[in-house]
There are 2 protein chains.
Amino acid sequence: MDVFEAVAEPHRRALLDLLAERERPAGELVANLPTLTQPAVSRHLRILREVGLVEVRPDGQRRIYALRADRLIEIDNWLGRYRRYWRDHLDALERHLADRIGMQDDPTTQNGPDDD
Amino acid sequence: MDVFEAVAEPHRRALLDLLAERERPAGELVANLPTLTQPAVSRHLRILREVGLVEVRPDGQRRIYALRADRLIEIDNWLGRYRRYWRDHLDALERHLADRIGMQDDPTTQNGPDDD
DNA sequence: CAGATGAATCAGTTGACGCGTATATACGCC
DNA sequence: GGCGTATATACGCGTCAACTGATTCATCTG
């Protein structure tokens, strides 16, 4: 299983999203995915562990899971090859819209904010 | 099938990579994936079509396939939530390495280059 | 119109993945 | 040591996606 397949699963993306906020014990992750059973979540966590997207740290009988986002760089690099395509495309669209609607505050924000 | 699943398949990423260079007729794509049969490629193209990652244009009996990269924005947006994590992480790593090895030319290149 | 070529689809099989139930292991407390 | 909680693993099942091979559809050419 590679990183691309790992994040293709919506439940696993949900787990990563939860871990992006803060690290959490496994049980808390289970509680946040009410449609899945505990073993199901455990298996997803195992896969995320195997591809290096999360780390585990024991805390007594709990296991604290934490995000390791740098494994996502592989996807980001691949995506990088295409970024200019939609950037060009959107630039053209923006100019077109700006021209039509007169440069209002504009929802391209959905894509933009690389920078925080 | 969503965009994440669509690009999770290595052959489909290979097809997108070929189409990133330029649009191509289906036969040329088949020729460039020697491990797959013509029907297999056709099915992958159908999936890419269904999720909107490619467009088809008939040219006589040929079908010209072209990239529609803007559907990848969905992945880019999702990834955006994590970008700051590995940026911070790598910044720290870079500083650490730069400090230790004295700012040589350095194999962090695996990540850096956004290259186009 | 007949034949050839490019491409998509149909039919059938197989294998991988995700699920839930049941069970095992690890730790914490009494 | 025994029990309860927290997490992981084992097993069996259903589903879906990917492959192969055969076929069909469309278009071009003689």
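Since we're looking at a predicted model, the values are computed, not measured.
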Do any side-chain atoms of residues 46-53 of chain B form donor-acceptor pairs under 3.5 angstrom with protein atoms, and if so which ones, sequence neighbours left out?
from: B/R46; atom 1: NH1; to: B/E50; atom 2: OE2; distance (Å): 3.4
from: B/R49; atom 1: NH2; to: B/Y65; atom 2: OH; distance (Å): 3.4

Legend entry - Spacing between A/R62 atom CZ and D/dG4 atom C1', to the nearest angstrom: 13 Å
Legend entry - CD on A/E28 to CG on A/L33, rounded to 0.5 Å: 11.5 Å
Inset, instruction - Mind calculating the distance between CG (B/L45) and P (D/dC19) to the nearest angstrom? - result: 12 Å
Legend entry - Nearest heavy-atom neighbours spanning B/A6 and B/R12: O-NE, 2.7 Å
Legend entry - Length of the CG-P vector between B/D2 and D/dA17, whole Å: 11 Å
Inset, instruction - Give the ring-plane orientation class for B/H11 versus B/H44, where under 30° counts as parallel, over 60° as perpendicular and anything between as tilted. - result: tilted
Legend entry - Test item: side-chain donor near acceptor, A/D17 and B/Y82, under 3.5 Å: yes
Inset, instruction - Would you jot down, in residue-number order, the residues of residues 14-24 of chain B having a non-hydrogen atom under 4.0 Å from DNA chain C? - result: none
Legend entry - A/R57 backbone acceptor or donor facing A/R63 side chain under 3.5 Å: no
Legend entry - Gap separating the CD atom of B/E74 from the CG atom of B/D76, nearest 0.5 angstrom: 11.0 Å
Inset, instruction - Mind listing the closest non-hydrogen atom pair of B/A8 and B/R13 along with its distance? - result: O-NH1, 3.2 Å
Inset, instruction - Encode nucleotides 12-25 of chain C as B, S and - characters from 5' to 3', where the letter depends on protein heavy atoms closer than 4.0 Å: B to the base, S only to sugar-phosphate, - to neither. - result: ------SBBBB---
Inset, instruction - Compare the minimum distances between each of C/dG6, C/dT9, C/dA26 and the side chain of A/Q61, then state the nucleotide with the smallest one. - result: C/dA26
Legend entry - OP1 or OP2 of C/dA8 under 4.0 Å from side-chain N/O of B/Y65: yes
Legend entry - 5′-ward residue of the pair B/R46/A/D59 relative to DNA chain C: B/R46
